[in-house]
Amino acid sequence: MNIETWLQLVAICFLGAISPGPSLALVVANTVAGGRTYGVVTSLGHGVGIGIWAFLTAVGIAGVMVDKSGILLALQFVGACLIAYIGFRTIISANRVSIQQNDSRTTGSGTLLRGASEGFLISLLNPKIALFFLAIFSHLVQPDSGWTETGLMGITAGLIDACWYVFVALMLTGSNIGRIFQNRAKVVSRISGIFLILIALYLFSEMIQRLL
């Protein structure tokens with residue numbers, strides 16, 4: 001991969017990462033509810049899922065999955081259910097949330113694993129991410145691309161995504177914006193939860209329209 005192709009990949013992946021969506025809502029909700037470390041591990045888990053999608057797309061596996069409507073529909077259903085669950089959980093826990101600026105409370109390994117799993121699953125169970133990578137990699141992947149090159153593509157996409165959402169989590173808990181959110185943690189939590197539920201409903205409606 002030449003430097004021009006790599007820079008194109010970096011630019012596109014960054015623009016995809018910063019675009020608003022369920023992933024951003026999840027990171028914000030988990031950061032507000034669980035504090036800095038919880039938000040960071042959610043971001044890292046999400047980055048791993050993105051890296052896997054990018055790698056699978058680069059080697060052609062995601063294209064096979066997208067061609068099979070049954071697999072695509074199942075992934076969409078599970079992903080929508082996960083988004084709805086996280087949204088309802090965020091709203092229910094809104095009355096007892098506050099942003100943890102410096103993680104003064106103890107966060108157990110089980111809680112951190114849950115945050116990382118949620119970030120990982122919300123990216124892995126989003127078929128639109130596969131379509132996104134199919135669209136960009138169809139112009140970047142060459143017929144003679146080897147495992148090293150495709151692996152680099154996956155790692156690059158995952159690192160960019162993880163770094164962006166870690167930045168979001170750190171910004172919310174360590175800046176003036178974080179202090180503003182601290183006084184409005186309940187409102188932010190409810191808004192994030194409602195946003196996630198609306199996204200899930202939209203995904204469900206898309207599936208129903210596709211079946212009709």
Side-chain angles (χ1 to χ4, degrees), residues 6-58 79 82-83 85-87 89-90 93 97-126 128-130 132-133 136 151-182 184-185 188-189 191-193 195-196 199:
W6 186 81
L7 289 175
Q8 290 177 4
L9 173 65
V10 170
I12 295 173
C13 288
F14 177 72
L15 291 175
I18 66 175
S19 60
S23 299
L24 178 61
L26 171 66
V27 172
V28 171
N30 278 6
T31 303
V32 170
R36 179 183 300 168
T37 303
Y38 196 47
V40 168
V41 296
T42 301
S43 304
L44 295 177
H46 190 274
V48 172
I50 291 294
I52 291 176
W53 266 128
F55 176 75
L56 292 179
T57 306
L82 175 66
I83 293 171
Y85 161 74
I86 295 172
R89 190 202 66 191
T90 302
S93 62
V97 301
S98 62
I99 295 181
Q100 302 298 310
Q101 293 289 334
N102 53 13
D103 275 343
S104 57
R105 68 181 182 182
T106 302
T107 306
S109 58
T111 302
L112 296 181
L113 180 61
R114 185 181 68 183
S117 299
E118 289 176 351
F120 175 76
L121 290 174
I122 205 170
S123 60
L124 195 66
L125 296 175
N126 186 354
K128 291 184 178 180
I129 293 176
F132 170 77
F133 283 125
I136 63 173
L152 178 61
M153 287 183 168
I155 293 172
T156 299
L159 283 176
I160 291 173
D161 182 87
C163 288
W164 166 251
Y165 286 116
V166 167
F167 169 76
V168 171
L170 295 178
M171 181 184 67
L172 287 175
T173 56
S175 66
N176 291 331
I177 295 179
R179 285 187 285 273
I180 294 173
F181 272 108
Q182 186 176 25
R184 298 172 176 83
V188 173
S189 185
I191 292 175
S192 298
F195 183 59
L196 286 167
I199 292 173

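Between S23 and I122 the shortest side-chain heavy-atom distance falls below 4.5 Å. For the pair T42/L26, a side-chain contact is recorded, criterion being any heavy-atom separation below 4.5 Å from C-beta on. Counting only heavy atoms from C-beta outward, the side chains of S43 and F167 never approach each other to under 4.5 Å. Between V27 and H46 there is no side-chain heavy-atom pair separated by less than 4.5 Å. At a threshold of 4.5 Å between non-hydrogen side-chain atoms, the residues F133 and L56 do not count as touching.
In this structure, CG in L44 is found 10.5 Å from CG in L112, a value given to the nearest 0.5 Å. Rounding to the nearest 0.5 Å gives a distance of 8.5 Å between CG of L125 and CZ of F120. Atom-to-atom distance recorded for E118:CD and Y38:OH is 4.0 Å, nearest 0.5 angstrom. Separation of atoms CG (L159) and CG (L152) is listed at 9.5 Å; rounding is to 0.5 Å. Atom OG1 of residue T31 and atom CE of residue M171 lie 9.5 Å apart, to the nearest 0.5 angstrom.
Taking both residues in full, the closest heavy atoms of A157 and A54 are given as CB-CB, 3.6 Å, listed atom of the first, atom of the second, then distance.
Proximity of a side-chain donor or acceptor of Y165 to a complementary backbone N or O of A17 within less than 3.5 Å is detected.
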